[in-house]
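Residue numbers start at 1 and run along the sequence shown.
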Amino acid sequence: MRRSRQLDPPYYAVAHLGFETEESLRQALISPEMRTSAQDVRDSATGSVTKYIEHYEISGH
């Protein structure tokens, strides 16, 4: 039986953070906790890091 070549997964870690309002997101992004989290990523990442923000609204809320 032939083994297929295993490739590294496209993601090592993924975080999904939800916020009730855009303003609460903005406040979180400038918080000391977010700065600490970002520093942890920089200190531990061995490759590139991609972050993105997606905005969507849930109808009826």
### Query
Can you tell me if CD on E20 sees more than 12 non-hydrogen neighbours from other groups inside 6.0 Å?
no
### Task
Please check if the side chain of S44 supplies one atom and the backbone of D40 the other of a donor-acceptor pair under 3.5 Å.
yes
### Message
Hydrophobic cluster membership, with links at side-chain heavy-atom distances under 4.5 Å among I/L/V/M/F/W/Y: are I30 and L25 in one?
### Response
no
### Check: M34 and L17 side chains under 4.5 Å, non-hydrogen atoms
yes
### Query
With E54, which residues qualify under side-chain contact (heavy atoms from CB on, under 4.5 Å), at least two apart?
Y52, Y56
### Message
Rounded at 0.5 Å granularity, tell me how far CZ in F19 sits from CD1 in I53.
### Response
8.5 Å
